[in-house]
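Notes follow the structure.
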Amino acid sequence: MLFGEHNAHLHQIEDTLGVHIATRGNTISLSGAEQAVKTAQGVITQLWDKLERTRNLASGEVDAALRFVRKNGHAQADTTDPIKTARSQDIAPRSPNQAAYIDAMRTHEMVFGIGPAGTGKTYLAVALAVSMYKEGLIDRLIFCRPAVEAGENLGFLPGDMQEKIDPYLRPIYDALHDSMPGDQIAKKVANGDIEIAPLAFMRGRTLKNAFVILDEAQNTTSMQMKMFLTRMGEGTRMVITGDPSQVDLKPGVQSGLHEARNILRNVEGVAFVEFGTEDVIRHKMVGRIVKAYEEHKR
């Protein structure tokens, strides 16, 4: 289990750290630069400790251990408690910034998760929201997005209002299904414990004892962002996620996310977690694509 099928886990460590790993029975021999060998030894020891605790090790967890090494310069086990969802599996951070993000959401009333696609901003926020709801720490889950995508607007879509807004909110449904069985989602939506709606539906409301997530916040205007942030009521936590590189607002319209990052940076109770290409958890090609676009922009 430690080595992986056809030694896949060991090959992953070799490729990332530039070491050579040879095995004979249960013996592992490491060779290469001194610091790289020490790091590889630490990673393998860390993974072995996890195996002894959980009896399970996926390639994503090997990747996570290597991410922490690249960030810290040495093998260091993450101490962040995994998120317990309504499904059987726990969700653990896969990078140091994800660990910081989870810790921030647990300790702050308002958290901004800012960075490129695939870094887990929305996924982890939804998972923690479901976990807190399950524990009875909040009464409702509210998820919203601005209905602005790639220059289109709701009027161009067929169907009634619900059918028009569903495509904009589908990514939230996808994340929710990974944290809660589908039949429970339908029941919670029907009784109002879960609300998934466009940002415009938040106007004029005060949200109490809720976990509220604003996704794709880079597509809010300054006025929309201020409107959303001031909906907070007693016992409510807010998480705002967005990717500043994917703004679909009309030219000349300032992103509310960019403005909020400047205005609220030093406000007590507000935390900002910045993600980078090294935090992209999707297919490895996604990280390479994001990095290539960033280099092209520079």
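What you are looking at is a predicted structure, and each value in this text was computed from that prediction instead of being measured.
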Would you compute the distance between atom [atom1] of [X] and atom [atom2] of [Y] and round it to the nearest 0.5 angstrom?
X: L128; Y: E135; atom1: CG; atom2: CD; answer: 8.5 Å
X: C144; Y: L199; atom1: SG; atom2: CG; answer: 5.0 Å
X: S131; Y: I91; atom1: OG; atom2: CD1; answer: 9.0 Å
X: F211; Y: M238; atom1: CZ; atom2: CE; answer: 11.0 Å
X: Y123; Y: D174; atom1: OH; atom2: CG; answer: 11.0 Å
X: L137; Y: R106; atom1: CG; atom2: CZ; answer: 10.5 Å

[Y] side chain reached by [X] side chain, heavy atoms, under 4.5 Å:
X: M105; Y: R237; answer: no
X: W48; Y: E52; answer: yes
X: I194; Y: F143; answer: yes
X: L207; Y: M202; answer: yes

Assess, by modelled atom type and distance only, whether the side chains of [X] and [Y] contain a donor and an acceptor separated by less than 3.5 Å.
X: H11; Y: E14; result: yes
X: S222; Y: E259; result: yes
X: D243; Y: S245; result: yes

For the student: nearest non-hydrogen atoms of [X] and [Y], plus distance:
X: G242; Y: Q218; result: CA-OE1, 3.2 Å
X: V247; Y: S255; result: CG2-CB, 4.4 Å
X: A210; Y: I142; result: CB-CD1, 4.1 Å
X: T220; Y: P146; result: CG2-CG, 4.0 Å
X: L66; Y: I13; result: CD1-CA, 4.3 Å
X: S95; Y: D279; result: OG-OD1, 2.8 Å

Residue pairs involving residues 242-277 (criterion ring pair (Phe, Tyr, Trp, His ring centres under 6.0 Å); sequence neighbours excluded): Y101-F275, F112-F272
Sequence-distant partners of [X], salt bridge (Lys or Arg N to Asp or Glu O under 4.0 Å), two or more places apart:
X: E294; result: none
X: E195; result: R205
X: R203; result: none

For [X] and [Y], indicate whether the former's side chain and the latter's backbone hold a donor-acceptor pair under 3.5 Å.
X: K208; Y: T236; value: no
X: T119; Y: G115; value: no
X: N209; Y: D139; value: no
X: H9; Y: L2; value: yes
X: Q184; Y: M180; value: no

Return a table of donor-acceptor pairs under 3.5 angstrom between the side chains of residues 21-30 and protein atoms on other chains or two or more places apart.
none

Audit row: D63, Q12, side-chain contact (heavy atoms from CB on, under 4.5 Å) steps and yes/no: CA-CA 8 Å; D63 186 52; Q12 191 174 352; 3.5 Å; yes
Listed partners of R231 passing side-chain hydrogen bond (donor to acceptor under 3.5 Å, both in side chains), at least two apart: none
Crowded around [X] [atom1]? As in, over 12 foreign heavy atoms under 6.0 Å?
X: E34; atom1: CD; answer: no
X: E5; atom1: CD; answer: no
X: E295; atom1: CD; answer: yes

Passing candidate, side-chain contact (heavy atoms from CB on, under 4.5 Å) with L229, options V270, I263, L214, I240: I240
Pair Y133-K188, side-chain contact (heavy atoms from CB on, under 4.5 Å): steps then yes or no: CA-CA 11 Å; Y133 175 80; K188 302 302 181 185; 3.4 Å; yes
hydrophobic_cluster_shared for I114 and V267, side chain cutoff 4.5 Å: yes
Check ion pair R145-E216 (N to O, under 4.0 angstrom): yes
Lys/Arg N to Asp/Glu carboxylate O, E274 vs R265, below 4.0 Å: yes
